[in-house]
There are 2 protein chains.
Amino acid sequence: MKMISTDLIKGSLKTIVLKVLKENGRMYGYEITRKVEELTAGQIKLTYGALYPVLHKLEHEGVLVTESENYNNRLRIYYSLTEKGESVVTEKIREMKEFIDSLQNIVNPQPGLNHA
Amino acid sequence: MKMISTDLIKGSLKTIVLKVLKENGRMYGYEITRKVEELTAGQIKLTYGALYPVLHKLEHEGVLVTESENYNNRLRIYYSLTEKGESVVTEKIREMKEFIDSLQNIVNPQPGLNHA
DNA sequence: TCATATATGTAAGTAACTTATATATTGCAA
DNA sequence: TTGCAATATATAAGTTACTTACATATATGA
């Protein structure tokens, strides 16, 4: 099973990260990539070069907060949504659902259902 | 109803154009943007600065061919899929369907359905 | 007469990524 | 005991698919 082209995924990263955090509460970066892989049956694999900068940016914007911990001599930086983050993710998900609907109307058009 | 953020749409443009051309046969650029707007209830509006370069590129790659015509003193350049284009669009649609499935598994996770 | 719709096009700029690189520990297999 | 895969985070340089702005021209309706 071929992976999805990165061009398609590009743009969805932030929403994906936030939604996974909303579902699972506190998570660390590495864990997020694994969760996304699991949810998408390996179709979407986040790269760390994309993930960490996004997490830092979201923290800087006050959407996420961090807690550092040590597990088995390995640093883990847990991220969780702030109150602001909760409302951001709600809006992002709404938008993504509309996006999915739009794509579905294109790949699987229902004749007569849309007439502008 | 707010439009979908361009970041999300970015990456889907090529597939959208090709799929619409597959459904409707011969179309000109302006017509394509209108059709996409119609199909997505105004959610996705292609910009000409993105559309025309993509059409030219796809023509250059042998995915599309053009026929110029004059309608009401206005130039219309009709695009249609080549044989190569047909197989390209089939693959693109397959990929987009997987993408939609993946996004759906994220925004609407089904517990217990995915276990890696 | 003036805005809106129709129709195509290019050039400059942005930013969200990818790819490559860096570091360090654990655990398992050869 | 050596060496690779997995775990864990991170930055820097480069790419590219777009957006925004600009350019041109006709038809149509207010």
Side-chain angles (χ1 to χ4, degrees), chain A residues 3-18 21 26-38 42 44-61 63-64 66-79 92 95-96 99 116, chain B residues 3-18 21 26-38 42 44-61 63-64 66-79 92 95-96 99 116:
Chain A
M3 227 189 85
I4 298 167
S5 117
T6 57
D7 277 356
L8 278 181
I9 299 164
K10 196 179 275 194
S12 308
L13 195 157
K14 207 175 287 183
T15 306
I16 291 172
V17 168
L18 290 173
L21 274 170
R26 217 173 79 117
M27 293 179 94
Y28 54 99
Y30 187 78
E31 193 185 6
I32 294 172
T33 69
R34 305 245 311 188
K35 190 67 187 174
V36 170
E37 245 181 277
E38 185 197 322
I44 296 180
K45 299 186 186 189
L46 308 185
T47 59
Y48 303 116
L51 177 68
Y52 289 113
V54 160
L55 287 172
H56 300 333
K57 198 190 168 199
L58 289 171
E59 187 194 0
H60 192 75
E61 290 169 2
V63 173
L64 302 177
T66 61
E67 297 168 87
S68 291
E69 281 184 27
N70 241 292
Y71 178 81
N72 223 3
N73 254 333
R74 285 200 197 87
L75 179 66
R76 281 184 180 175
I77 302 175
Y78 284 93
Y79 292 85
K92 287 266 183 199
E95 186 184 51
M96 176 160 282
F99 177 54
Chain B
M3 229 189 84
I4 297 167
S5 119
T6 57
D7 277 357
L8 277 181
I9 300 164
K10 197 177 272 196
S12 308
L13 195 156
K14 206 175 287 183
T15 305
I16 290 172
V17 167
L18 291 173
L21 274 170
R26 216 173 80 117
M27 294 178 95
Y28 53 100
Y30 187 78
E31 194 185 6
I32 294 172
T33 68
R34 304 248 309 189
K35 190 68 188 174
V36 170
E37 246 180 276
E38 185 197 321
I44 296 180
K45 299 186 186 192
L46 308 185
T47 60
Y48 304 117
L51 177 68
Y52 289 113
V54 160
L55 286 173
H56 300 333
K57 198 188 168 200
L58 289 171
E59 186 192 4
H60 192 75
E61 290 170 2
V63 173
L64 302 177
T66 61
E67 295 167 271
S68 292
E69 281 184 29
N70 242 292
Y71 179 80
N72 222 6
N73 256 333
R74 285 200 200 86
L75 179 66
R76 281 185 180 174
I77 301 176
Y78 284 93
Y79 292 86
K92 287 268 183 197
E95 186 185 49
M96 176 159 282
F99 177 54

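Every heavy atom of this structure was used, including side-chain atoms; hydrogens, water molecules and symmetry mates were not. Below, chain A is the first sequence line, B the second, and so on; all start at residue 1.
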Which part of the nucleic acid, if any, lies within contact of [X], taking any heavy atom under 4.0 Å across all strands shown: a base, the sugar-phosphate backbone alone, or nothing?
{"X": "Thr33(B)", "result": "nothing"}
{"X": "Tyr48(A)", "result": "base"}
{"X": "Leu51(A)", "result": "nothing"}
{"X": "Gly29(B)", "result": "sugar-phosphate"}
{"X": "Lys57(B)", "result": "sugar-phosphate"}

* Asked: Does a side-chain N or O from Arg76(A) land closer than 4.0 Å to OP1 or OP2 of dA8(D), or not?
  -> yes
* **Short side-chain N/O contact from Tyr71(B) to OP1 or OP2 of dA7(C), under 4.0 Å** => no
Expressed as a whole number of angstroms, how long is the span from [X]:[atom1] to [N]:[atom2]?
{"X": "Leu13(A)", "N": "dT18(C)", "atom1": "CG", "atom2": "P", "answer": "7 Å"}
{"X": "Ile77(A)", "N": "dT7(D)", "atom1": "CD1", "atom2": "P", "answer": "18 Å"}
{"X": "Arg74(A)", "N": "dA24(C)", "atom1": "CZ", "atom2": "C1'", "answer": "9 Å"}
{"X": "Ile9(B)", "N": "dA16(C)", "atom1": "CD1", "atom2": "P", "answer": "15 Å"}

* Tell me, do Val54(A) and Leu46(A) make a side-chain contact under 4.5 Å, heavy atoms counted? -> no
* Structure fact -> Ranking dT20(D), dT25(C), dA10(D) by distance to the side chain of Asn73(A), first place goes to dT25(C)
* Asked: Between Ala50(A) and Leu75(A), which is nearer to the 5' end of DNA chain D once each is assigned its nearest nucleotide?
  -> Leu75(A)
* So Tyr30(B) and Tyr48(B), would you call those rings parallel, tilted or perpendicular, with 30° and 60° as cut-offs? -> parallel
* 5'-most by nearest nucleotide on DNA chain C - Asp7(B) or Tyr78(B) -> Tyr78(B)
